[in-house]
Amino acid sequence: MNPPNTPEQSPLGHATVYPERYDASLLFPIARAAQREALGVRGDALPFFGADLWTAFELSWLNARGKPQLAIAHFTIPCETPNIIESKSFKLYLNSFNNSVFADAQAVRERLVEDLSLAVWQGSERSGRVGVKLLAPEMFDREPVHELDGLDIDRLDLECTHQHPAPELLSASTAEAPVTETLTSRLLKSNCPVTGQPDWGSVQIRYSGPQIDQAGLLRYIVSFRGHNDFHEHCVERIFQDITARCRPTKLSVYARYTRRGGLDINPFRTSWPQTLPPNVRTARQ
């Protein structure tokens, strides 16, 4: 078996020649295992459920007469897949459709499902299907914009001094009755692990259990400001740190990152099986 791909081998940070024709080989899967092992997550027995919800705003292809066609695409990649797809390679792959002829939108969708499913399950004895939904231009006006529901902890006026993830900032009150609440922040920022470019996001934390100290949680979220990692790994780190430090009986972490190259990535992790959140963009996306 070939060794797993690394971020340094990806198209990130390198000069790019945009493809003129459809090319599935442009997809660059990166194994989740190394980052998960760093968080104490090993093997297939994951401590969470969930998926990575992607949106592609720059999908186009040609019909049989050479006329460009457009769609917005929603992708659902289960968190149990062994790989993520590096986002620049995803962009290059989608751009390879631009001058390629497809019979119709259904043919495009089927090709996307096939290629992405193979990429995210590459190297595994298991397999599955990636969810793909295409929205035609006549549906664009129905796409809502909505901020994450919950109590906004950005309202707190406090000092923030940490620039790298500091789980010691997290705490919860075990001396009082447990609560169920939803907390949100727009101050999540991390950086691309290869280029160092900023990745801006909003995060929603739903939980039941000992009440989490909101000031500590906000300082913890802000502490990602100098952290270099992929979106999916950041959300899993937040999930694992809150689980370890605050001991909730239920927990979900959902982040919506602003788009880059026409793509946004929105990881969702939850401690119990539940319906995935709708892939609805926030104002900054």
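- To the nearest 0.5 angstrom, Ser89 atom OG is 5.5 Å from Leu27 atom CG.
- Nearest heavy-atom pair across His233 and Leu39 is O-CD1, 4.4 Å.
- Counting heavy atoms from C-beta on, the side chains of Leu263 and Phe57 never come closer than 4.5 Å.
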* Between Ile84 and Arg32, does a side-chain contact (heavy atoms from CB on, under 4.5 Å) hold up when you go through it step by step? -> CA-CA 6 Å; Ile84 64 173; Arg32 300 182 191 264; 3.3 Å; yes
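- Linking Ile, Leu, Val, Met, Phe, Trp and Tyr residues whenever their side-chain heavy atoms come within less than 4.5 Å leaves Trp272 and Phe48 in two separate clusters.
- Between Leu187 and Leu218, some side-chain heavy-atom pair lies under the 4.5 Å cut-off.
- Electrostatic pairing of Arg219 and Asp213 does not count as a salt bridge here, judged by no charged N lying under 4.0 Å from a carboxylate O.
- The OG atom of Ser190 lies 11.0 Å from the CZ atom of Arg237; values are rounded to the nearest 0.5 Å.
- Considering all non-hydrogen atoms of both residues, Asp229 and Asp199 come closest at O-OD2, 4.4 Å.
- Arg260 places a side-chain heavy atom less than 4.5 Å from the side chain of Gln197.
- The CD1 atom of Ile153 sits 6.0 Å away from atom CG of Leu183, with the distance rounded to the nearest 0.5 Å.
- The heavy-atom pair separating Leu94 from Ala56 by the smallest distance is CD1-CB, 3.6 Å.
- No path of Ile, Leu, Val, Met, Phe, Trp and Tyr side chains, each step under 4.5 Å between heavy atoms, connects Ile265 with Val253, placing them in separate hydrophobic clusters.
- Side-chain contact between Arg36 and Arg42 is absent, with no heavy-atom pair separated by less than 4.5 Å.
- Contact record, Asp152 with Ser185: OD1-CA, 4.4 Å, taken as the closest heavy-atom pair.
- Judged by distance alone, with hydrogens and angles left aside, the side-chain atoms of Gln69 form a donor-acceptor pair with the main-chain N or O of Lys67 at under 3.5 Å.
- For Phe90 and Trp54, the ring centers are positioned less than 6.0 Å apart.
- Phe140 and Phe75 fall into different hydrophobic clusters, where Ile, Leu, Val, Met, Phe, Trp and Tyr side chains are chained together by heavy-atom contacts under 4.5 Å.
- Arg284 and Ser202 make their closest contact through NH2-OG, 3.3 Å (heavy atoms, listed as atom of the first residue, atom of the second, distance).
- Thr55 and Asn279 form a side-chain donor-acceptor contact under 3.5 Å, judged by distance and modelled atom types alone.
- Note: Phe268 and Tyr254 have perpendicular aromatic rings, judged against thresholds of 30 and 60 degrees for the angle between ring planes.
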* Given His227 and Cys234, is the side-chain contact (heavy atoms from CB on, under 4.5 Å) satisfied, shown in steps? -> CA-CA 9 Å; His227 183 59; Cys234 288; 3.9 Å; yes
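- Note on Val108: it clusters hydrophobically with Val113, by side-chain heavy-atom contacts below 4.5 Å among ILVMFWY residues.
- Residues Gln214 and Arg155 have side chains that bring a donor and an acceptor to within less than 3.5 angstrom of each other.
- A donor atom on one side chain and an acceptor atom on the other are not found under 3.5 Å apart for Arg206 and Thr270.
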* **Stepwise salt bridge (charged side-chain N to carboxylate O under 4.0 Å, His left out) test for Glu147 and Arg186** => CA-CA 9 Å; Glu147 295 301 288; Arg186 298 181 181 87; 2.9 Å; yes
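- The NE2 atom of His146 lies 7.5 Å from the CG atom of Leu148; values are rounded to the nearest 0.5 Å.
- Taking 4.5 Å as the limit, some side-chain heavy atom of Asp115 sits within range of a side-chain heavy atom of Tyr22.
- Using a 4.0 Å cut-off between a side-chain N of Lys or Arg and a carboxylate O of Asp or Glu, Glu236 and Arg269 qualify as a salt bridge.
- With 3.5 Å as the limit, one finds a donor-acceptor pair spanning the side chains of Tyr220 and Asp241.
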* To do: Take Val101 and Asn63 through the side-chain contact (heavy atoms from CB on, under 4.5 Å) test and state the conclusion after the steps.
  => CA-CA 5 Å; Val101 175; Asn63 68 11; over 6 Å; no
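- The two residues Ser117 and Val130 make their nearest non-hydrogen contact at OG-N, 2.9 Å.
- Considering only heavy atoms from C-beta on, Thr182 stays 4.5 Å or farther from Ile205 through its side chain.
- Ser96 and Asp23 are not linked by any side-chain donor-acceptor pair at a separation below 3.5 angstrom, with hydrogens and angles left out of the test.
- Counted by atom type alone, Asn98 and Glu20 present zero donor-acceptor pairs between their side chains at under 3.5 Å.
- Annotation: side chain of Tyr207 is not in contact with side chain of Ser252 (no heavy-atom distance under 4.5 Å).
- Linking ILVMFWY residues whenever their side-chain heavy atoms come closer than 4.5 Å, directly or via other members, places Ile238 and Leu151 in the same cluster.
- Counting only distance, with no hydrogens or angles, the side chain of Asp264 and the backbone of Arg259 share no donor-acceptor pair below 3.5 Å.
- Side-chain contact between His74 and Leu135: present, with at least one pair of heavy atoms (C-beta onward) separated by less than 4.5 Å.
- How far CD1 of Ile77 is from CG of Leu53: 9.5 Å, rounded to the nearest 0.5 Å.
- In this structure, the ring of Phe102 has its center less than 6.0 angstrom from the ring center of Phe97.
- Around the CD atom of Gln106, the shell of radius 6.0 Å holds more than 12 heavy atoms that belong to other residues, nucleotides or ligands.
- With rounding to the nearest 0.5 angstrom, the CG atom of Asp52 is 11.5 Å from the OH atom of Tyr257.
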* From CA spacing to verdict: side-chain contact (heavy atoms from CB on, under 4.5 Å), Trp121, Leu116 -> CA-CA 9 Å; Trp121 287 102; Leu116 295 171; over 6 Å; no
